[in-house]
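These notes are about the structure you will find just below.
Hydrogens, waters and symmetry mates are skipped; everything else that's a heavy atom, side chains included, is used. All residue numbers in this chain count up from 1 along the given sequence.
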Amino acid sequence: MGSMDPGLLFIPGPVPLPPEVREEMAKAALPHYGDAWVKAHSETHDMLRYLWSAPDAHVFPIAGPGHAALEAIAYTFLRPGDRVVVVSNGFFGERTHEVLQSHRVKAEVVASPWGAAPDLAKLRAALKTPTKAVVFVHNETSTGVTNALEPIVEAAHAADAFVVVDAVSSLGGLPLPFGKLGIDAGFTASQKCIAAPAGIAPVAVAPSLWESVDPTSVEGWYLNLFTWDRYEREWGDWHPTPTTISSNLFYAFHRALTLLRKEGLEARVARHAKVAAKLRAGLIDLGFKPVGPAAHLSNTVACLTPPEGVDPMRLVRRLKEEHNIYISGGLGPLRGKTIRIGTMGTQADLETIDWLLKAMRASL
């Protein structure tokens, strides 16, 4: 690869953009209102319901990072003093707890060691005390562990608690039957499995949660989802969002969703599984060890310890400097001990995985 080549981006997001999506980003800016905008906005909502497998959900493409979506859910549906249980087994579970604490809710953590599966017995015990919501990360990017949805949702609903799912590194790459499981709210980010530019944070809210709140009780404006809903209803024929959104960013997001819909959600999930399995097998053959248990290994982010004697940060540097390939090091207590590799969206490609494995072998 030449020095002007952007290289292979295998960090756990953002991911390389498809040519059709890059094309939208390169166009001249267009109005954030009018007939073309309204049409793209409506199609985006339909495609988001398809992506979430939630035909009845309220969906919103919030302009902002994934954490803006988490805060929008917190502002809209939680109140100071509400008891919330956060299931945490990694960096982003801990971050979720930090965010929710800033909203002055009583956030209790049900923690497991990083790399372990959630402790369901501790969760059920915590839910013996009345709880407004259970919040958890579906796919923990810091450890490469996918947390099983069904048992957490079942435990929460058995205790009459709502379920909020962080699907930032899972939606579009892992099975997530939002409607079928009865998940109450979820959020994701555009730059991961959707393979769009960073800057859009899709939110889905089921009628069960939406109808539980009096809109007049919500403080705030931009991150109040009832504001977004009101503009859709009252200004929907020409300006269905509360504020100006970058037209290039929105049309790029729309194009990425169009590509996903064309491929088909089942096919895309299957592609992620196939590529992740090949990457894991190749790295294990080289002496790497996954951090998580075999039954919970993620198909969108791999987190592994290198073979004995191989320094993870030196490996990350060698791949960048000698092969123009970008991967990530570990987070938190895994920093300096692990590497992390994304297999999301455009990264989930067998040919580029072959290239990565070849470079990895040469860099050990």
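In this structure, a donor-acceptor pair under 3.5 Å is present between the side chains of E71 and H103. A donor-acceptor pair shorter than 3.5 Å cannot be found between the side chains of N139 and N147. Side-chain contact check for T216 and D214: at least one donor-acceptor pair (N or O, by modelled atom type) lies under 3.5 Å. Checking T305 against T338 by side-chain atom types alone, no donor-acceptor pair falls below 3.5 Å.
C193 has its side chain within reach of T300: a pair of non-hydrogen atoms, C-beta onward, lies under 4.5 Å apart. L225 places a side-chain heavy atom less than 4.5 Å from the side chain of V205. Within the 4.5 Å cutoff, no side-chain heavy atoms of H254 are placed close to those of E24. Looking at M47 and L260, their side chains never come closer than 4.5 Å, going by heavy atoms from C-beta outward. For the pair V59 and V203, the minimum side-chain heavy-atom distance is 4.5 Å or more. For the pair P197 and V21, the minimum side-chain heavy-atom distance is below 4.5 Å. For the pair L319 and M360, the minimum side-chain heavy-atom distance is below 4.5 Å.
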For ring-ring contact (aromatic ring centres under 6.0 Å, His included), just list the numbers for W210 and F162, CA-CA rounded to whole Å, side-chain angles, deciding distance to a tenth of an Å, and then say yes or no. CA-CA 11 Å; W210 186 263; F162 293 112; over 10 Å; no

Kindly indicate, with the supporting measurements, whether the criterion salt bridge (Lys or Arg N to Asp or Glu O under 4.0 Å) is fulfilled by R271 and D349. CA-CA 8 Å; R271 171 164 63 86; D349 175 78; over 6 Å; no

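A donor-acceptor contact shorter than 3.5 Å links the side chain of Y50 to the backbone of L265. When atom types are taken as modelled, the side chain of H97 and the backbone of G93 share no donor-acceptor pair closer than 3.5 angstrom. Distance alone, capped at 3.5 Å, places no donor-acceptor pair between the K289 side chain and the I284 backbone. For the pair R340 (side chain) and P12 (backbone), a donor-acceptor distance under 3.5 Å is absent. Remark: side-chain polar atoms of S247 are paired, donor with acceptor, to backbone N or O of L30 under 3.5 angstrom. Judged by distance alone, with hydrogens and angles left aside, the side-chain atoms of E23 form no donor-acceptor pair with the main-chain N or O of P18 at under 3.5 Å. Not one N or O on the side chain of S88 forms a donor-acceptor pair closer than 3.5 Å with the backbone of V109. Judged purely by atom type and a 3.5 angstrom limit, H138 has no side-chain atom pairing as donor or acceptor with the backbone of L149. Listed for the T76 side chain is no donor-acceptor partner under 3.5 Å among the backbone atoms of I73. Between the side chain of D166 and the main chain of T188, no donor-acceptor pair closer than 3.5 Å is present.
Remark: R233 engages D229 in a salt bridge, criterion side-chain N to carboxylate O under 4.0 Å. Salt-bridge formation is not detected for the pair R49/D56: no Lys NZ or Arg NE/NH1/NH2 atom is positioned less than 4.0 Å from an Asp or Glu carboxylate oxygen. Using a 4.0 Å cut-off between a side-chain N of Lys or Arg and a carboxylate O of Asp or Glu, R317 and E321 do not qualify as a salt bridge. Ion pairing between a basic and an acidic side chain is recognised when a charged N comes within 4.0 Å of a carboxylate O; R255 and E20 show no such pairing. Ionic pairing of D82 and R79 is not present here: no N-O contact between side-chain nitrogen and carboxylate oxygen is shorter than 4.0 angstrom.
Aromatic ring pairs are classed by plane angle as parallel below 30°, tilted from 30° to 60° and perpendicular above 60°; the pair H45 and H41 is tilted. Using the six-membered ring where Trp is involved, W235 and H239 have ring planes that are perpendicular, over 60° apart on the 30 and 60° scheme.
If you take CG on L257 and NZ on K262, they are separated by 15.0 Å, rounding to the nearest 0.5 Å. Atom CD of E150 is separated from atom NZ of K180 by 8.5 Å, given to the nearest 0.5 angstrom. Rounding to the nearest 0.5 Å places CG of L51 at 3.5 Å from CG of L171. Note: L127 CG to L120 CG = 10.5 Å, rounded to the nearest 0.5 Å. The structure places CZ of F77 at 10.0 Å from OG of S217, a figure rounded to the nearest 0.5 Å.
The two atoms that bring S53 and P177 nearest to each other are CB-CA, 4.3 Å, heavy atoms only. Between V145 and S298, the shortest heavy-atom contact is N-CB, 4.3 Å. Here the closest heavy-atom approach between residue S190 and residue I194 is recorded as O-CB, 3.6 Å. Between P16 and T346 the shortest heavy-atom distance is O-OG1, 2.5 Å. In terms of heavy-atom proximity, F178 sits nearest to A57 at CE2-CB, 4.4 Å. Residues S363 and A359 come closest through the heavy atom pair OG-O, 2.8 Å.
Qualifying side-chain contact (heavy atoms from CB on, under 4.5 Å) partners for P242, counting only residues two or more places apart in sequence or in other chains: W221, T227, W228, Y231. Listed by chain and residue number, R83 satisfy the side chain to side chain donor-acceptor pair (under 3.5 Å) test with T131 (two or more places apart in sequence, or in another chain).
The hydrophobic cluster around W114 extends to F91, F92, V137, V291, L331, L334, counting ILVMFWY residues whose side-chain heavy atoms fall within less than 4.5 Å of a member.
In this structure, H32 has its ring center no closer than 6.0 Å to that of F250. The aromatic ring centres of W52 and F187 sit 6.0 Å or more apart.
Heavy-atom contacts from other residues, nucleotides or ligands closer than 6.0 Å to NZ of K106 number 12 or fewer.
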